[in-house]
Amino acid sequence: MTTFVDRVELHIAAGNGGHGCASVHREKFKPLGGPDGGNGGRGGDVVLVVDQSVTTLLDYHHTPHRRAGNGKPGEGGNRSGSDGGDLVLPVPDGTVVLDRRGEVLADLVGQGTTFVAGRGGRGGLGNAALASARRKAPGFALLGEPGETRDIVLELKTVADVALVGYPSAGKSSLISVLSAAKPKIADYPFTTLVPNLGVVTAGETVYTIADVPGLIPGASQGKGLGLEFLRHVERCSVLVHVLDCATLESDRDPVTDLDVIEAELAQYGGLDDRPRIVVLNKLDVPDGQDLADIIRPDLQARGHRVFEVSAVSRKGLKELSYALAGIVAEARAARPQEEATRIVIRPKAVDDAGFTVTKETDGLYRVRGEKPERWVRQTDFSNDEAVGYLADRLNRLGVEEELMKAGAREGDGVAIGSEDDAVVFDWEPTVMAGAEMLGRRGEDHRMDTLRPAAQRRRDRDAERDEAAQAYEGFDPFA
Ligand SMILES: Nc1nc2c(ncn2[C@@H]2O[C@H](COP(=O)(O)OP(=O)(O)OP(=O)(O)O)[C@@H](O)[C@H]2O)c(=O)[nH]1
Ligand SMILES: [Mg+2]
């Protein structure tokens, strides 16, 4: 039996950026050439792309851990490391991407719709790229940044225009089989349908999709039968069709009560109230079927329902039904705001790229938050004094020190850059007046002493990181 998986948790890791290389050109009789360390390559992204030939999330159920390629480190001789390969994950049309708290990150509808679920880390600059008039031969390079890692949930919501709901064995799958070319399993026992079936119907000019869901029974909202779980698949439909069984032999059932029961379960599920509904009385080929329909039709119509009388077996009333559905679907499509043919959803940036904030915390610690300062810290090899000096310069140029001063920080106060659980902490020593001039000869930057304790912390963290990667994208050390 095939398994149907419509919800999976996926653990993704984008590729790490490769470290930049610190190297000095060497040639016979020219002992000290210029810096020639290349940049690290960029880590690959993890990208979800709608592929209509994919119909289930089964693959991800079996292999929930996915990694993109790491960037390669730069090398001497100005050789850049190659970029890590993107990891492209095909997903079915109608896949919803959520984070672990259930927030929707993206709703992927339409062939080719793409979502970058995890961004690869930038590669670190090599010392050649870091050289400037002031720093002619940098003895350091920048580290590659770690790629994003995150846990996401993929949920499949079938995209059908028409959804058939009803008791088990009401004939939902039978109707799909006669209205479309789909060949779902049909049998005279309840819960024949375990996963939604999808068919394509052509009625005149209109082409629409029709789906059934496993039969509902009283108490479905409490998990009876197959529960309401599958109703997720009808959430996107434009019209709900109640399939009522006019030939049921169960003494406590009749089509009108069935309708009430299903409506009550739909109400429990919620969110479907605004969907237009029509009522289909099925199995009118059986003896007394038509008589029963004649009795209940006025009641149903009095409730405002459009009622169709059909038989999936004799094919009575099917043409009228399919054209009526086409009409409702066409109307619903016209009413819907024009959707882009292909929706490209890219995760919005969480933080303001340009800014940073300085806040004083209760314990007297000053916390610096901001995309750039935090990134620069990640790029710093704290075992290299020059690299630490370079970081201090960058922070200074951005105005971090000035803001610290304004916030009341004094020499010796603790300053943390980064979030509570991932920060570099050091004792602050203002360098504003001196700025870049404080950079002495190689290895003599005295600011490094103040950053020392942080250095150890960074090294420990980096040690845990995947060593392999490297990639670099667009060079502007102060960008
Ligand atoms: N006589 C008659 N029998 C029908 C008709 N439509 C469906 N049936 C029979 O009813 C039984 C159930 O049909 P299905 O189409 O599997 O019903 P379903 O609603 O999909 O049922 P579940 O998948 O279990 O929810 C099968 O034995 C069908 O042959 C009809 O119009 N007339
Ligand atoms: Mg069925």
Side-chain angles (χ1 to χ4, degrees), residues 1-4 6 55 158 160 162-201 209-221 223-234 237 239-250 253-266 269 277-294 296-297 300 307-322 324-325:
M1 200 187 100
T2 54
T3 321
F4 182 79
D6 63 354
T55 51
T158 309
V162 176
L164 304 180
V165 293
Y167 264 73
S169 296
K172 302 178 294 298
S173 302
S174 302
L175 280 172
I176 289 192
S177 76
V178 289
L179 288 169
S180 75
K183 291 286 157 262
K185 186 173 174 193
I186 293 163
D188 59 358
Y189 55 85
F191 305 118
T192 309
T193 301
L194 297 171
V195 307
N197 297 300
L198 195 63
V200 180
V201 184
T209 51
I210 184 166
D212 67 357
V213 286
L216 297 171
I217 56 169
S221 50
K224 294 239 176 83
L226 293 176
L228 290 182
E229 198 194 327
F230 288 97
L231 283 180
R232 177 186 309 144
H233 296 279
V234 310
C237 66
V239 49
L240 280 173
V241 174
H242 282 289
V243 180
L244 300 179
D245 188 345
C246 288
T248 179
L249 299 172
E250 289 172 49
R253 280 179 51 195
D254 70 86
V256 179
T257 322
D258 285 0
L259 176 69
D260 292 338
V261 167
I262 301 296
E263 275 297 344
E265 297 300 331
L266 293 180
Y269 182 79
R277 287 131 155 90
I278 66 165
V279 170
V280 168
L281 301 175
N282 188 33
K283 308 195 187 178
L284 291 206
D285 57 287
V286 300
D288 305 333
Q290 186 61 55
D291 293 344
L292 179 57
D294 289 341
I296 59 179
R297 195 189 322 103
L300 294 167
V307 179
F308 292 82
E309 298 177 356
V310 306
S311 162
V313 167
S314 74
R315 306 205 165 206
K316 166 194 156 67
L318 294 179
K319 197 163 180 197
E320 292 85 337
L321 175 62
S322 76
L325 289 173

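All ligand and atom numbering here is 1-based and tracks the order in the structure.
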Below 4.0 angstrom from a heavy atom of Y189, which ligand 1 atoms are there? Numbered from 1 as shown, please. 24 (O)

Atom 11 (C) of ligand 1: which of G171, A187, S311, P184 has the nearest heavy atom? A187

Quick check on A170 - does any of its heavy atoms sit under 4.0 Å from an atom of ligand 1? yes

If you measure from atom 2 (C) of ligand 1 to every heavy atom of I186, V313, V178, which option wins on shortest distance? V313

For the Mg ion (ligand 2), which protein N/O/S atoms are closer than 2.8 Å? S173 OG, T193 OG1

Output, in order, the C-alpha distance, side-chain angles, deciding distance and verdict of side chain to side chain contact (heavy atoms under 4.5 Å, CB included) for S180 and V201. CA-CA 5 Å; S180 75; V201 184; 4.2 Å; yes

Between S311 and D285, a side-chain donor and acceptor under 3.5 Å: yes

If we number the atoms of ligand 1 from 1 as shown, the ones under 4.0 Å from a heavy atom of D285 are 1 (N), 2 (C), 30 (C), 31 (O), 32 (N)

Ranking K316, K283, K185, R315 by closest non-hydrogen atom to atom 9 (C) of ligand 1, top hit is K283

Please check whether F191 reaches ligand 1 - meaning an N/O of the residue sits under 3.5 Å from an N/O of the ligand, judged on distance alone. yes

Answer side chain, backbone, both or neither: which part of V286 comes under 4.0 Å from ligand 1, heavy atoms only. side chain

Taking atom 13 (O) of ligand 1 as the point of reference, which of P287, S173, S174, A247 owns the nearest heavy atom? S174

Mind checking whether N282 contacts ligand 1 via backbone (N, CA, C, O), side chain (CB onward), both or neither, at a 4.0 Å heavy-atom cut-off? side chain

